[in-house]
There are 2 protein chains.
Amino acid sequence: MTNPDMSGMDRIGLMQTFVRIVEAGSLSAAAAQLGTSQPTVSRRLQALERSLGLELLQRSTHAMKLTDDGARCFAHAKTLLESWQAMTADLRGAKDAPEGHLRVLVPHAFGQDQLMAPLMAYLRRYPQSLSNGCCMIGVPISLLRASIAPCRSARWTIPP
Amino acid sequence: MTNPDMSGMDRIGLMQTFVRIVEAGSLSAAAAQLGTSQPTVSRRLQALERSLGLELLQRSTHAMKLTDDGARCFAHAKTLLESWQAMTADLRGAKDAPEGHLRVLVPHAFGQDQLMAPLMAYLRRYPQSLSNGCCMIGVPISLLRASIAPCRSARWTIPP
DNA sequence: TGTTATTACGGCGCCCGTAAGGATT
DNA sequence: AATCCTTACGGGCGCCGTAATAACA
């Protein structure tokens with residue numbers, strides 16, 4: 001009952017958490033997406049702010065706004081995490097986990113029953129898919145298309 | 001009696017250690033430069049290898065050679081640490097710690113008394129100067145020059 | 001024999017999850 | 001009332017330094 005492989009919390013994990021917070025829009029949403037608790041996310045954010053010596057985002061009880069420093073930090077964090085993922089991707093080769101976009105073409109009602117289960121299984125199998133950001137785009141049924149591709153501001157959780 | 005600001009060992013610290021090992025040429029040299037013990041460096045390297053799932057460098061008792069994977073990892077690590085330092089440099093601004101080379105021109109005997117104390121104070125104040133590598137170059141007294149600039153394979157410690 | 005890397009061991013500290021508290025809508 | 005963030009509190013896991021072991025020059 002610990003960490004779904006962030007493999008020991010650290011500065012990289014802290015920034016991963018920070019990015020998730022910003023993209024999720026709230027600490028609790030980030031906690032849900034990360035499969036951890038709200039206090040943990042709060043503490044990680046505090047730790048990052050403390051280690052950098054500046055305030056990243058001003059948070060009142062029902063709002064959240066990126067500081068100027070926070071915005072710069074976010075940009076840096078994105079590039080740095082990108083470097084990290086490039087590194088692991090190169091070192092582990094493609095032998096480990098699939099990579100790139102996953103596009104699915106399926107009727108709407110079919111998707112409800114037949115798509116969601118394998119999709120959830122897939123995301124449970126490769127949770128890092130979510131760290132790139134993951135969303136589902138609904139398209140008019142005439143096109144019969146559901147698309148899964150990287151984007152921002154998505155809120156996904158993987159039910160147990 | 002713990003960590004001269006690597007601020008909680010983590011994946012970034014692991015890679016810093018790895019880079020230092022490669023550049024220093026041996027685990028014990030890296031340990032000396034990092035101001036830590038040989039077992040610590042050994043364990044960190046093992047941890048990094050374990051976390052990546054591959055062997056980074058083959059080490060027998062009196063030799064050391066980068067694996068093919070290790071070479072790729074080293075390159076990636078350099079760029080990633082560069083990104084990290086760019087980030088902290090940008091976020092902390094120039095308000096916090098000075099940056100760049102520090103060159104000092106003093107008579108030799110003068111340096112013994114008047115230079116070392118402020119230098120030690122300086123390094124104690126900004127320990128991260130050491131993480132870029134730090135060495136002192138002795139120059140013939142006719143030139144009356146002592147130089148402090150980044151270089152490799154230096155062994156510095158900051159006495160308490 | 002001196003230098004190198006690794007394992008053994010006790011201890012301190014960090015991080016986590018649950019639970020309780022405060023604030024705002 | 002409901003939701004969100006923070007602090008308090010034990011507990012476990014990880015990392016560290018010292019010391020001991022093993023291999024090579």
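Residue numbers start from 1 in every chain, and the chains themselves are labelled A, B, ... in the order their sequence lines are given, proteins ahead of strands. Side chains included, hydrogens not; waters and symmetry mates left out as well; all remaining heavy atoms used.
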Between [N] ([atom2]) and [X] ([atom1]): distance, integer Å:
X: A/L45; N: C/dC15; atom1: CG; atom2: P; answer: 14 Å
X: A/L48; N: C/dC15; atom1: CG; atom2: C1'; answer: 15 Å
X: B/E49; N: C/dT6; atom1: CD; atom2: C1'; answer: 13 Å
X: B/Q46; N: D/dG14; atom1: CD; atom2: P; answer: 15 Å
X: A/D10; N: D/dC13; atom1: CG; atom2: P; answer: 19 Å
X: B/R11; N: C/dC15; atom1: CZ; atom2: P; answer: 13 Å
X: B/L57; N: C/dT4; atom1: CG; atom2: P; answer: 16 Å
X: B/L34; N: D/dC15; atom1: CG; atom2: P; answer: 16 Å

Mark yes or no for a side-chain to base donor-acceptor pair under 3.5 Å between B/R43 and D/dG14, with no hydrogen or angle criteria applied.
-> no
Test side chain to side chain contact (heavy atoms under 4.5 Å, CB included) applied to A/T79 - qualifying residues, sequence neighbours left out = none
Contacts under 3.5 Å, N or O only, protein and nucleotides 3-5 of chain D:
from	atom 1	to	atom 2	distance (Å)
D/dC5	OP1	A/L27	N	3.1
D/dC5	OP2	A/S28	N	2.9
D/dC5	OP2	A/S28	OG	2.8

Please figure out whether B/A47 or B/P39 has its closest DNA chain D nucleotide nearer the 5' end.
-> B/A47
Is a donor on one side and an acceptor on the other found under 3.5 Å between the side chain of [X] and the backbone of [Y]?
X: A/E49; Y: A/L56; answer: yes
X: A/T67; Y: A/G70; answer: no
X: B/Q38; Y: B/S28; answer: no

Are there more than 12 heavy atoms of other residues, nucleotides or ligands under 6.0 Å from atom CD of B/E55?
-> yes
Working for side chain to side chain contact (heavy atoms under 4.5 Å, CB included), residues B/I12 and A/D10 | CA-CA 8 Å; B/I12 287 182; A/D10 51 23; over 6 Å; no
Taking the side chain of A/T40 as its heavy atoms from C-beta onward, which of D/dC16, D/dT7, C/dC16 lies nearest to it?
-> C/dC16
Side chain to side chain contact (heavy atoms under 4.5 Å, CB included) between A/L45 and A/T17: does it pass, once the steps are laid out?
-> CA-CA 8 Å; A/L45 179 57; A/T17 300; over 6 Å; no
